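Comments concern the structure below.
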Amino acid sequence: MKEIVPESPAIVRNQQVAIQQLFQQYVVPSYGRFELALSHGLGSWLWDVNGKRYLDLGGGIAVTSLGHAHPEIADTLAAQARKLIHISNLYYHEPQGRLAQQIVKQLAPGKVFFCNSGAEANEGLYKLARKFGHDEGRFEIITAFNSFHGRTLAGISATGQDKVKKGFEPMVAGFRHVPFNDLQAVRDAISPATVAVLIEGVQGEGGVTPATPEYLLGLRALCDEKKLLLLMDGVQCGHFRTGKFQSFQRILQGVRGAEQFLPDAVSMAKSLGNGFPIGAFWIQERHADLLSAGTHGTTYGGNLLGCAVALKVMEIIEREGLADNARQLGGFFRDGIARLAAQHPKVVTGPRGLGLMIGIELAAKEQIPAFAPSDKPASTQFVNRLHEAGLLTVPAGTQIVRLLPALNLTRAEAEQGLQIIERTVAGLSKV
Ligand SMILES: *Cc1c(COP(=O)(O)O)cnc(C)c1O
């Protein structure tokens with residue numbers, strides 16, 4: 001007799017509710033997620049499981065620098081996967097060496113360590129700093145308020161925002177926070193134990209705030225004077241997003257006395273692999289051998305798949321002139337948002353940022369009648385409205401909404417995105 005096989009239960013029928021139920025039951029609830037379940041993408045467009053299309057100006061939080069389902073990226077991943085995915089760091093392989101060479105070429109003589117995420121790249125910087133100061137008993141790293149450096153224990157200790165630390169005390173010892181863009185505050189915070197200063201060139205999670213040229217140059221001089229390492233977290237603002245490989249190269253472009261400026265080390269991740277998880281940090285020549293054999297490592301770091309795809313990302317960005325595109329479209333968005341702020345000052349108070357790292361600064365929730373009754377911050381409510389209108393963006397804090405799109409966004413797409421933002425703002429200012 002034939003066994004009666006029951007039909008498999010409809011666990012995932014590609015429906016939003018069913019997917020959300022899976023998360024509710026099985027996924028650790030550590031994220032506040034939007035009510036969207038996405039299924040596939042193409043370039044700067046994404047589709048949800050119900051077939052609705054969105055223009056993606058969030059880029060998976062500054063990650064998908066070449067958009068979704070890029071054919072060359074897909075081919076590179078597939079071709080490398082058929083050859084070798086992983087061998088560990090017990091052995092040599094060509095893609096890691098070549099990727100390190102490309103990163104050095106973008107910065108200055110030095111060496112690169114590879115890992116798997118931004119938080120991990122920053123962990124490497126903390127260890128570099130500790131190693132640097134170890135024999136003199138120096139270990140303290142000064143970071144900025146409103147910074148974000150990742151979610152590991154040292155990452156949240158380094159991060160200058162209480163909300164990421166809450167409930168996880170005690171923090172890792174040896175971090176001090178000072179106001180951003182305030183050189184005197186750094187000088188005042190230096191103690192005999194201080195070994196390094198760590199900043200983002202453009203604060204991302206903290207609200208899209210670029211460092212000023214004077215701050216960068218002042219920090220370099222101060223660090224030289226006090227024998228401190230100047231460390232830069234380029235995880236979000238790096239990889240050509242501001243129009244140059246690293247944001248400091250953009251911020252200091254054409255600034256007198258900045259020709260020789262170099263941080264001692266720079267962390268990277270996000271856009272490096274276009275969504276394939278890879279992180280890295282570059283160390284300038286004079287400290288490049290501090291992390292000697294046996295002092296630092298990771299199993300996956302710099303694996304063939306990640307390095308092959310990151311090499312392809314760099315090749316395409318260079319070939320297609322996407323740093324210039326980021327600069328031009330960044331200007332386009334800034335102008336548009338400035339216009340909006342002039343037209344609707346009760347909703348938008350101004351643009352922020354550099355290149356394709358843009359912030360839309362919103363008025364306080366209480367001043368936007370449509371937002372006031374909800375307990376959600378203005379940034380979240382605005383992002384929700386944009387979702388309804390078919391646009392994906394990323395909130396930062398309570399009053400900033402970020403645009404972190406693919407660097408190969410087209411002018412036509414940028415225009416469409418800005419139109420949706422304009423319509424949404426106009427709708428809000430009418431109420
Ligand atoms: C995202 C981010 C990190 C953390 O990167 P993960 O890959 O999430 O660990 C660190 N620093 C900055 C500036 C970031 O934006």
Side-chain angles (χ1 to χ4, degrees), residues 28 30-33 58-65 113-129 141 143-161 163-165 168 172 175 177 180-181 196-211 230-242 245-248 250-251 263 265-282 298 300-302 306 309-310 313 352-359 393-397 400-405:
V28 171
S30 69
Y31 299 97
R33 295 177 201 268
I61 319 183
V63 168
T64 48
S65 46
F113 179 92
F114 291 101
C115 52
N116 314 286
S117 69
E120 226 184 302
N122 288 333
E123 286 284 335
L125 299 189
Y126 315 140
K127 284 182 70 176
L128 177 77
I141 301 173
T143 72
F145 287 125
N146 285 324
S147 60
F148 182 79
H149 299 298
R151 295 288 195 154
T152 58
L153 205 44
I156 60 174
S157 305
T159 294
Q161 303 187 52
K163 67 179 183 195
V164 304
K165 305 173 194 266
F168 298 106
V172 173
F175 292 96
H177 310 301
F180 190 56
N181 272 335
V197 176
L198 167 67
I199 59 156
E200 294 158 84
V202 184
Q203 287 192 332
E205 303 300 311
V208 197
T209 310
L230 177 55
L231 310 173
M232 292 194 70
D233 180 339
V235 169
Q236 186 166 153
C237 59
H239 226 62
F240 306 100
R241 182 156 294 281
T242 60
F245 179 63
Q246 287 298 321
S247 61
F248 68 82
R250 168 77 199 266
I251 293 167
V266 180
S267 59
M268 305 159 216
K270 291 202 163 92
S271 284
L272 198 53
N274 195 52
F276 187 90
I278 178 170
F281 58 91
W282 165 92
T298 156
Y300 291 132
V309 78
V313 169
R352 305 168 69 100
L354 277 179
L356 283 178
M357 186 168 179
I358 299 275
T393 60
V394 183
I400 312 284
V401 171
R402 276 175 291 174
L403 310 181
L404 303 160

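In this text the structure is predicted, and so the values were computed from the model without any measurement. One-based numbering, in listed order, for ligands and for the atoms of each.
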- Item | Sequence-distant partners of E205, side chain to side chain donor-acceptor pair (under 3.5 Å), two or more places apart | Q236, R402
- Message: Distance under 4.0 Å, heavy atoms only, partner ligand 1: which residues pass?
- Response: S117, G118, A119, N122, F148, H149, G150, E200, D233, V235, Q236, K270
- Using modelled atom types only, decide if a donor and an acceptor are shared between the side chain of T143 and the backbone of A158 within a distance under 3.5 Å. yes
- Query: Hey, mind stepping through T298 and N116 against side-chain hydrogen bond (donor to acceptor under 3.5 Å, both in side chains) and telling me if it holds?
  - Reply: CA-CA 9 Å; T298 156; N116 314 286; 3.2 Å; yes
- Reported OG1-to-CD1 distance for the pair T209 and I400, which is rounded to 0.5 angstrom: 7.0 Å
- Note on the structure: Those residues at least two apart in sequence (or on a different chain) that pass ring-ring contact (aromatic ring centres under 6.0 Å, His included) with F240 are F245
Mind listing the side-chain donor-acceptor pairs of residues 269-277 below 3.5 Å, one per line with the distance, residues two or more places apart or on another chain?
| residue | atom | partner | partner atom | Å |
| --- | --- | --- | --- | --- |
| S271 | OG | A62 | O | 2.7 |
| N274 | OD1 | S65 | N | 2.9 |
| N274 | OD1 | L66 | N | 2.8 |

